[in-house]
Structures are given as C-alpha cells and as structure tokens.
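Here the structure is laid out as structure tokens; the discussion comes afterwards.
Lettering follows sequence order; numbering is per chain, from 1.
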Protein chains: 2
Amino acid sequence: MAIKEAVRPGGRSARVQEAVHQAVRELQTIKARDELTVPQIAERAGVTPSTIYRRWGNLSELVADVSVERMRPDEDPADTGTLAGDLLAWGQQYLEEMTSVPGQRALNDVMASAHDERRERCCRYSESLMTTLHDRALSRGETPPPICKLVDGVVAPMTYRLLYDRDSATVDNLQRWIDCTLKDGDPGVACRQ
Amino acid sequence: MAIKEAVRPGGRSARVQEAVHQAVRELQTIKARDELTVPQIAERAGVTPSTIYRRWGNLSELVADVSVERMRPDEDPADTGTLAGDLLAWGQQYLEEMTSVPGQRALNDVMASAHDERRERCCRYSESLMTTLHDRALSRGETPPPICKLVDGVVAPMTYRLLYDRDSATVDNLQRWIDCTLKDGDPGVACRQ
DNA sequence: CCATTAACGCAAAATTTTAGCATTAACGGA
DNA sequence: TCCGTTAATGCTAAAATTTTGCGTTAATGG
C-alpha cells in the first residue's frame with residue numbers, strides 16, 4: 001500500500017485528481033465530516049472508488065490532502081508599512097480563517113493525517129511567510145528579530161491556541177504576542193536546526 | 001450516533017472499557033497504526049465489535065481515547081530548586097517522551113480526534129503543570145513570569161515543533177525558550193481569557 | 001427486593017474496502 | 001509520427017468492515 005505522489009502528472013492523472021478534490025470540496029459544504037464516504041466522493045467525481053483507495057489510501061488522507069491545499073496562502077501578505085502592522089494584518093486574517101467552521105475542519109483534517117510531511121507543509125507556509133515579512137522589514141530599514149523568534153513568538157502561540165484552546169485564539173492575544181516579540185531589544189541567539 | 005461519556009461507570013461498563021483499552025495498548029505494541037481494526041480489538045478484549053462502535057463511534061476516537069490517557073502526567077514534576085531547572089527537567093522528559101515512536105503515535109492519535117475536548121485535555125495537562133511550577137517558584141521567593149507567559153514562551157514553541165517540525169524539537173531549543181521566557185524582566189500584561 | 005433502563009451480546013443486513021484482471025492513455029525512444 | 005512500455009484507471013467479485021434491530025444482562029435508585 002505504498003501511496004504514490006504526483007508521479008506522471010500529465011493529462012488524465014491530473015484530471016482525476018482535480019475531479020476528486022473538487023468533489024470533496026463540494027460535498028464538504030453540504031455534509032458533515034463524519035458522513036463523507038469514499039464511494040460517495042468517487043461517484044460525484046466520476047471515478048471508481050478503487051482509484052481513490054489506490055491513490056490516497058483512505059478517506060482521512062484524501063480530505064487531509066484537500067485541506068492542506070486549502071491552507072496554502074494564495075496571495076502575498078498586505079504591506080502595512082511596519083513589521084508589527086504586517087504581523088497583525090496577517091495574523092488577524094489567519095485567526096479569522098482558522099476559527100471559522102470550515103477552517104477548523106481543515107485544520108483538523110490536516111492534523112489527522114498520518115503523513116507528517118503534510119503537517120510540515122503547513123509549517124513551511126508559515127515560515128515562508130515570516131521570511132517574507134522579515135525581508136520586507138529589513139528593506140524598510142527596521143531591525144526585526146530573527147525569523148525563528150517570529151515563529152516562536154507569534155506563530156507558535158497562535159497555533160497552539162488554535163489547536164488546543166480555541167477560545168484564547170483572539171486578536172487581543174495576537175497583539176500581545178506581537179508586542180512581546182518585537183519589544184525584546186536583545187535579538188538573542190538564533191535557533192539551531 | 002451520540003457518543004456517551006462515562007455514564008453509569010460502575011461495574012460492567014468500567015470492566016469493558018478497561019478491557020478494550022488494554023487490548024488497544026497491547027495490540028499497539030505489535031501492530032502498526034494502520035493495521036489496527038475494531039473487530040481485532042474487540043476479539044482480544046472479549047467484547048463484540050458493536051459495543052466498541054456504540055461507545056466510541058469509530059477506531060480513531062477509540063485510539064485517541066487511549067492515547068490521551070497515556071499523555072496524562074503520572075507523577076509530580078521534579079523539584080530542582082529553580083524555576084529554570086524545573087522547566088528544563090520537565091521539558092526534557094516531555095521532549096524525550098513525545099519524540100519517541102510511541103509518543104509520536106499517541107500525539108498523532110489525539111490530534112486526529114474529531115472531538116476537540118480531547119485536545120483541550122492535553123492543554124489543561126500542560127497548564128496545570130505550569131501552574132504547579134509557578135506556585136513552587138513563588139514559594140521559593142522567585143519572581144516568575146505569569147503562567148500564560150510560561151505557556152506561550154515554552155509550551156507553545158515546544159508543542160509547535162513537536163507537531164510541525166519534529167527535528168527542531170530539541171533540548172537545545174528548549175533551553176533557549178526557557179532562557180528567553182525567564183530573562184525578560186518586564187512581566188508584561190497578563191493574557192486575557 | 002423490585003422497577004427501570006443503560007449497556008451489552010448476537011446475528012443479519014448494509015456498506016465499505018480490497019484484490020485480480022482487463023483497458024486506457026501518458027511517456028519516451030526510434 | 002509511430003510504437004512499445006507501463007503507470008493509472010475501470011470493472012467486478014470477494015472480503016472485511018460497520019450498522020441496525022432485538023433480546024438479554026446488570027447497574028442504579030428507590
């Protein structure tokens with residue numbers, strides 16, 4: 001049961017993948033998570049169930065695959081003129097997205113995936129975003145803390161709250177995380193690894 | 001399909017739960033996660049599959065239930081004489097536990113649960129632990145940062161790395177998170193909510 | 001001790017998942 | 001462009017699972 005990933009991407013294979021993803025997205029809007037089934041998705045996508053089982057293994061991996069796609073940032077973060085503003089603007093939008101019902105479901109689906117490479121993609125999305133904001137701050141002449149500080153100080157607390165204690169994933173707290181992270185004059189030692 | 005939780009805990013019900021949990025724990029040591037099945041567990045536990053389906057709903061919720069139990073801290077954290085030492089001692093052990101193969105699986109199983117009340121229990125474990133260390137520091141005459149700072153500064157980054165980027169969940173980084181969190185002279189504003 | 005009812009066992013039915021083989025179509029070289 | 005190779009899919013039957021209905025057991029409260 002070795003699940004292949006994006007081999008022979010041309011033509012049919014890509015069409016099937018898109019049809020299946022689309023079917024999942026559509027069904028997700030009209031059905032609860034625990035009443036989605038593979039045969040159902042297959043029928044709507046116009047493929048046979050065995051195709052889905054062979055490519056994705058099971059329902060969890062399929063919905064995780066769709067959801068991680070959904071979590072990819074589609075546009076560049078807004079430029080507000082300061083790092084603090086950029087962090088707040090991005091974080092606000094991210095919080096809003098991830099506390100919404102579909103956002104929570106997507107987060108859940110990704111976390112339920114047995115392949116941790118999928119979760120790592122979410123991590124990379126955030127890190128790449130922090131890198132962008134960091135570079136932008138540098139080019140403005142600001143003196144931003146190192147990227148890992150941004151991750152540890154802003155992204156990690158926010159993610160932790162979103163996953164474990166949603167009620168405290170608020171903009172108020174976001175503002176506080178940003179303030180604390182940027183206030184600290186000492187840039188500290190950069191993270192290893 | 002409303003899953004009941006610990007109603008009528010006396011006698012038989014408790015025996016069945018323990019037998020099923022035990023069966024899961026045993027099977028987990030000799031089988032990979034994706035080759036566990038409900039009928040298999042039921043047989044070893046000496047119950048019928050329908051009992052498991054009725055009580056836990058599905059395999060994911062069952063293993064999540066078992067794993068969250070496993071993650072409950074069983075003993076009080078070591079007292080090393082300083083808050084920094086206590087945090088390091090606890091964090092070291094936690095990191096070791098959670099980067100191990102069974103620890104990673106347990107973490108995965110809990111995160112895969114659709115009931116976020118299960119994840120919240122993990123959060124409460126950590127917060128309760130931070131409270132313990134905080135009180136202990138106070139009684140020593142230390143001036144510890146507020147509990148939410150400990151959570152945001154130490155627990156959150158560690159958890160974030162464990163979930164999204166295991167390679168950076170190291171003792172070196174733990175030491176750094178602790179240093180940064182305790183160094184900051186300004187206790188800041190306490191978290192709301 | 002009894003009435004009530006939650007929890008369980010059992011077995012049939014429904015559904016999902018797997019597996020074997022045939023077919024289609026993407027890919028690469030001549 | 002054509003052709004051989006083979007990854008990917010379709011189809012179908014078999015296997016395994018999950019669900020459901022109903023009878024039974026045993027925990028709970030009086």
Using whole Å, report how far CG of B:Leu62 lies from C1' of D:dT18. 15 Å
Gap between atoms CG and P, on A:Asn58 and D:dA16 respectively (whole Å): 18 Å
Rounded distance (Å) that lies between atom C1' of C:dC8 and atom CZ of B:Arg55: 10 Å
Cut-off 3.5 Å, side chains only: do B:Ser13 and B:Arg55 have a donor facing an acceptor? yes
Value in whole Å for how far the P atom of C:dT16 lies from CG of B:Leu59: 17 Å
Under 4.0 Å from OP1 or OP2 of D:dT9: is there any side-chain N or O of A:Arg54 that close? no
Which residues satisfy the side-chain hydrogen bond (donor to acceptor under 3.5 Å, both in side chains) test with A:Ser67, sequence neighbours excluded? A:Asp109
Using whole Å, report how far CD of B:Glu18 lies from C1' of C:dC8. 18 Å
What pairs with A:Gln22 under side-chain hydrogen bond (donor to acceptor under 3.5 Å, both in side chains), at least two apart in sequence or on another chain? A:Arg25, A:Glu26
Does C:dA7 have OP1 or OP2 under 4.0 Å away from a side-chain N or O of B:Arg15? no
All salt bridge (charged side-chain N to carboxylate O under 4.0 Å, His left out) counterparts of A:Glu120, not counting sequence neighbours: A:Arg124
Hey, does the side chain of B:Tyr53 come within less than 4.0 Å of D:dT19's phosphate (OP1/OP2), counting only N and O? no
Verify the contact: side-chain N or O of A:Thr37 to OP1 or OP2 of C:dT16, cut-off strictly under 4.0 Å; return yes or no. yes
Only counting residues at least two apart or in another chain, list the ones meeting side-chain hydrogen bond (donor to acceptor under 3.5 Å, both in side chains) with B:Gln104. B:Arg166
Where along residues 39-52 of chain B does a heavy atom come under 4.0 Å from DNA chain C, residue by residue in number order? B:Gly46, B:Val47, B:Thr48, B:Ser50, B:Thr51
Does the base of C:dT24 carry an N or O that pairs as donor and acceptor with the side chain of A:Arg12 under 3.5 Å? yes
A:His134: what forms a side-chain hydrogen bond (donor to acceptor under 3.5 Å, both in side chains) with it, not counting sequence neighbours? none
Between B:Arg176 and B:Asn173, do the side chains contain a donor N or O and an acceptor N or O under 3.5 Å apart? yes
Atom pair distance, as rounded to whole Å: CH2 in A:Trp56 and P in D:dT9: 7 Å
